[in-house]
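Letters A, B, ... are given to chains in the order of the sequence lines, protein chains preceding strands, and every chain is numbered from 1.
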Amino acid sequence: MAEIAESPSTTEHPLGTVGASRSKASSSALRESDVDPKTMRTTTPGLKRLFLTFSVLLSFLLGFPFLWKTVEIYRSPLPFGDMDALSKQIESSPLQFPCHFQSVFLNFDSRSSGGILDPRELRSSILSEMTKLTSQTLERQCGSCGENFTLSVVVDSDGNGLTPNCSYKCGALGALNLGDGEAVDEALRSALDESCSDYGGKLYTVVVVNGDGAGEGPKALVGKHRHGWISGRELDAEAMIGRMAEMFVKIFMNGGREDGAIHGEFMPVGADGRVVLSFSLLNANPDDWFYDWDFQKLDDTLLNPVIEALKPIANISVESQVLYHTPKSSFSYWDESLGSYIFSTKDLPFFVNSNEWHLDTSVAAGGRTKILQFVVYVPSANECPLSLQLPSGEISKTNGFISPMWGGVMVWNPQSCIKYSGSGPPARLLMHPDDLHRIFEVLMGQLRQLFGLKSDSIYVGAAGAYKLLPSEKGFTEWELDVLSRQHTCFNLHSSGTTLGSLSRLVQSLPRMIIKDEIGKQVKFSLEAAQLAQTNASVGLYEASAASSRQARSLAEDAFFHPSIMSVSYFSFEHCFAVYSPFFLPVSLHVLLAALREWRRYKQEKAKYVRWKVKQVKAA
Amino acid sequence: MTIQIRKGKRATEPQCLGSQRSLNSEDLLFPNQTGDSKAAVYFQLSNGRFRPPPAHRLIAHHIVDTIAPIFFRVSRTMWLPLRLTLLLLFLLLSPRALLRSGSAAVVSGEEEEFHEELLLKPLPDRKVLAHFHFHSIAPPSKSNGRHHHLFPKAISQLVQKFRVKEMELSFTQGRWNYERWGGFDPISSNNAKPPGVELWAVFDVPEDQVDAYWKNLTNSLSGLFCASINFLESSTMYSAPKWSFRITPGRLRYGTLPREAVCTENLTPWLKLLPCRDKAGLAALLDRPSIYKGFYHSQRLYLTSNASVPAETVSGISLEQTLTVVLQPNSPSSSSIHSGESNFQPSWSLSSIFGRKISGKCVLAQSSIVYLQLEKSIFSEQKDNMDNGPNSLASEGFAGGSGFEMSLDPDIVIEEENQSQHKGSSVLYGFWVEKYNESQPFDLGLKWKYPVFWSSRQAPLHASRFLMGSGNERGAIAILFKSANSADSSSGSRHVSDGCELQVDVFQVVPWYIKVYYHSLQIFVDDEAKPIGDFVHKIQVSPSKDKTSPGMMEMLLKLPCDVRSAALTLEFDKGFLHIDEYPPDANQGYDIPSAVISFPSFHSVMHLLSNDSIRKSPLLSRFQEKNRVQSYTEVLLVPLTTPDFSMPYNVITITCTVFALFFGSLLNVLRRRVGEEERYLKAGKKKGWLRVLLSRLLAKLRGKPMEEPDQPSSESAPLIGKKLVLKVILVAVLAVAWQFYST
């Protein structure tokens, strides 16, 4: 209504001028013939409609950010910079732990080596050997010490040498009976164990004993704890330096692994730090015979110490089952000369019969728990005895093989391969405890190999052979140190790559919903990774392993968060499709109206100006 | 180690038969079953063709499991062959035992056990029921859930992890025909299941954690059995029956998926739980095409863990796996012989039904037995057919009188002992599978000689359920009970007494989108509307909550025994679902799960003469358990209004267009110069010169050169009108054409 009432002021002009020219010709200053309604107007053009359309347009423009805000999906702010930095840092410079070594020279007096040994000289020469060895290893192993190690040298000649630090007290190793390795190990342990806690007890010692050892050459042993010793008669200290350096670098630092062994990154531990060892006894054909085992006893007596020993690395649970009618899926042939059925290493990929061997994933295990399968295969009568032939033509001693990250298979042949031929079905036979013990030894070797350690007790280096004393726990202390270093390093590596790819993924999908929980997980994962790194640099193996595990698990949690997994986030096209039916026509209206009003206003303004000019001229 | 010894003597031997009247505890004395005076033993030695003895003569065939504890004092005629058998067996036994002890120690002590059994039963409508029963037992031990020898590790871990006290899971295809296949026997009460998946579980956890455990359990089972059991996780899919479903109260959860399709992918994981899978033993019969071709197929898993043991030892678990199939034997041989006689029961053999034979038992099974169950009424009928005197039947009935012939001799004959009633009892023939091997496979065949008729025993009431009403808005559910005894006057008259009441438990779960008005419950007894209070003894209703929980109704009805029919009706409204909640095939309709009808005062028990072999057979001991007679009604299919699923975008587009139109016109109105236009119009009407101006303005606005003042005004208006009319007509014609041709 208001519009109509006010309309004359703006729209009447062409008319009004005409009307005015007729009715008020006398009163007007200009003559009517001068005012051309097409080109001139006498009043100023109105601004009302222009203002209106522009205010609508403006409000639309102003409202657009608000709309954008409401359409926007929630993305928790992720520290992309930190994530990328962590992944880059871990990629470029692997974690290095500090290692502390100590070498002790026992019974080196002036007579044997031509002068008192100078610990400083020895130290520098051992160090140079060690750096040579570390630089030799081409690929930098994850979790090794790199060049980040310290070394102290003690020369204890007849109990009155120097005592440079508190870790070794001169004379503590007075008399060693070098005959029995186990006894020496214990004696060394008691002598060295009261070491000060500077290094958290992680001090690797090599003792060189010059004395009346065995006649032929120096003998090198590595104990169950963190020490090794070299003994022999008339030892040359200089010659021992090479062996000592090798022992430090190759064994204590790198775990005595050889090339071709499983790479350290394949640590068979689940993202939640849990491992399930699933033992299965497979009877290929129970109609011939079928065996059972008393695994509970084995679990209680032999497996438990191993699980206890591995506790810092992984939380291990054990389960077992006996399966029947589980033939292997590869072929074997009879070899007369070897007197057994043979399957060769070529057949190994086909040995595991995934159709018939239902080695089920465990219900007890959580989603990201690693399951290691250990399979004991009892062949049927028509393939008994079954042996694995190595590429060299020999028969494998363990008669088994491993598959990294999956587990191990072992073939166990019954003592006599004579098929039971009596009437009625065969009875259930219980494995003899000795057999079980042997099987267990092989399986433990396989477990060690799966963890990337050596399965036999001899390490042959460049400078000589070393005997490794086996632990009844399956893993010696220094091996566990190596494993926990590797585990930490691998976990950090994994969390770094996971976070890196998460950051890339999130940045590449701008319309993906990121919940606060993910943001929190990423934050905590980064913190844990930071903590693990600082702990590692100080040398706290256990603490860094724990926090690195946490970092990995949190990173995986964030990456595999269900909200990320769902594909139901809408693309931008969807947004466009939903809003365009409204905004397209409306914006057309608003824009056109604004444009027309603006043009009209300009036109009318020009008319008015012309009239004004004319009036001025006339005046 | 148990060695089953078969001591048999042909039942037709005259001494044996002659002494049968006097055969009692005096003649045969078993120290371990002295109390059982009805136990009579037949011994069978020769491998002649076995023909069943007449019903009143035959009591039981007995198998002795172990030698040592049994002391015989038998009549002189029987002693000699028996002693020979015993000697022979000892000879056989001793080297075997020696051989084993030489190689390794023989397992002893309390061990995990496995039993396999198969029950075959011809059904009245020319079909054959095959009921596989596998039983695994894990005794209580602290290694349960970790170390297993025979028992499936996965199940044990499931029980440990989810604290399951009792659980039953069934996958069913087809519907059990209660009228023809029976509704009273243990198989129909325990193994007839609703179509799709049914799962119920009792947990050993505090009440507030039960739901969480149930959810985890459904997900685990879903993974284990390759089925969509995980849909039972949602709280709209399961309910907690209080008293009507199971007598065991407490932490019970119940859920069904009527739509679930059951096929081999569900059977394979089920078979994986058996130590021999389908590689050996009875399960080797399970030829997938033949068992899925059948009329009814139900695979079931029932487990109980005895939680009564103290907490430090892990409880033992008993796992019962059954597979019930109803198959149609097709035997052209019999039809060719008796061509034209369509009422002949078809003759069949295992190989003709399954296409396979049993080549020996699963070596891991403690027992491996095949039973053939026949209704006793066959014998009586056949007696009528023969029209022979009772005395002659004693000898003649075996020779040529029986209406059927088995291809193998049974090792044991067990008769159901039914004191109360002659009808419904049956005879079981047992076959030891361990006697057969690869070269001599077990292939039981049954050949009918005469047409026989019988009917299965029915539940007291036959329940059916149907929908009433039409349209997409409302309807009603009706449950109809019909007396099964109405046709059978003899048993119906049994209950005709004044105080007699028939108890019926009804348990029904209705999904939330079927909004049942429980107040509208009506009862019709013998087609007359009756007040509810007269018959509903106890009722418990938990109404559905939208998108939270289903509606559940538990009801205990007490009907008079002479009731002919009873009906319950409940009205409901159909709800609307959110667009996300529609299943992929929404137009098919929605299933209301089967209602469970049970008769608490009736128990499906097989009264078998209890002796050792029966006690050791899990199948028969299961049959002897006292279970309520239970039946499931049909699944109902309710059509709901299904929207057009492209609707959201249509709605968005239409709404947006309307908004845009409104907005545009509003804007136009706002900036329209109405006064100006009106004045033009007025001027045009009143004054000629104004009209000129108007036309000029129009021309100017159109951007055309100025025309003659009079001409455009007089011509343009009709011209525009004509054009407009033409355009409108053109559009209309196009629209009509489009409409015509597009449809």
**Student:** If you count heavy-atom pairs within less than 4.5 Å of chain B, which of A/F290, A/F583, A/Y579 leads?
**Tutor:** A/F290
**Student:** Would you say A/Y324 and B/L150 make side-chain contact, with heavy atoms under 4.5 Å?
**Tutor:** yes
**Student:** Under the ring pair (Phe, Tyr, Trp, His ring centres under 6.0 Å) test, which residues partner A/F295, sequence neighbours left out?
**Tutor:** A/F279, A/W293, B/H147
**Student:** Any sub-3.5 Å donor-acceptor pair from B/R146's side-chain atoms to A/V318's backbone N or O?
**Tutor:** yes
**Student:** Is there a side-chain contact between A/V586 and B/F659 (heavy atoms, below 4.5 Å)?
**Tutor:** no
**Student:** If we define contacts as heavy-atom pairs under 4.5 Å, which of B/H149, B/H148, B/K279 has the most with chain A?
**Tutor:** B/H149
**Student:** Will you find, in the side chains of A/S320 and B/K153, an N or O donor that is under 3.5 Å from an N or O acceptor?
**Tutor:** no
**Student:** Among A/L592, A/D435, A/V322, which has the most heavy-atom pairs under 4.5 Å with chain B?
**Tutor:** A/V322
**Student:** Side chains of B/T653 and A/F582: does their closest heavy-atom pair fall under 4.5 Å?
**Tutor:** no
**Student:** Which pair of non-hydrogen atoms, one from B/A660 and one from A/P581, has the smallest distance, and what is that distance?
**Tutor:** CB-O, 4.3 Å
**Student:** Could you tell me which portion of A/L52 (side chain, backbone, both or neither) has an atom closer than 4.5 angstrom to a non-hydrogen atom of chain B?
**Tutor:** side chain
**Student:** If you count heavy-atom pairs under 4.5 Å between each of B/G360, B/S220, B/C276 and chain A, which one has the most?
**Tutor:** B/C276
**Student:** For A/A593 and B/R671, work out which heavy atoms get closest and say how close.
**Tutor:** CB-CD, 3.5 Å
**Student:** May I ask you to check whether over 12 heavy atoms, not counting those of B/L661, lie within 6.0 Å of atom CG?
**Tutor:** yes
**Student:** Roughly how far, to the nearest 0.5 Å, is the CG atom of B/L670 from the CZ atom of A/R49?
**Tutor:** 8.5 Å
**Student:** Below 4.5 Å from any heavy atom of chain B, which atoms of A/N283 appear? Answer side chain, backbone, both or neither.
**Tutor:** neither
**Student:** For the candidates B/C656, B/S156, B/A280, which exhibits the highest count of non-hydrogen atom pairs separated by less than 4.5 Å from chain A?
**Tutor:** B/C656
**Student:** Which pair of heavy atoms, one from A/T326 and one from B/R277, lies closest together, and at what distance?
**Tutor:** CG2-NH1, 4.4 Å
**Student:** When you compare the side chain of A/V56 with that of B/L667, does any pair of heavy atoms fall below 4.5 Å?
**Tutor:** yes
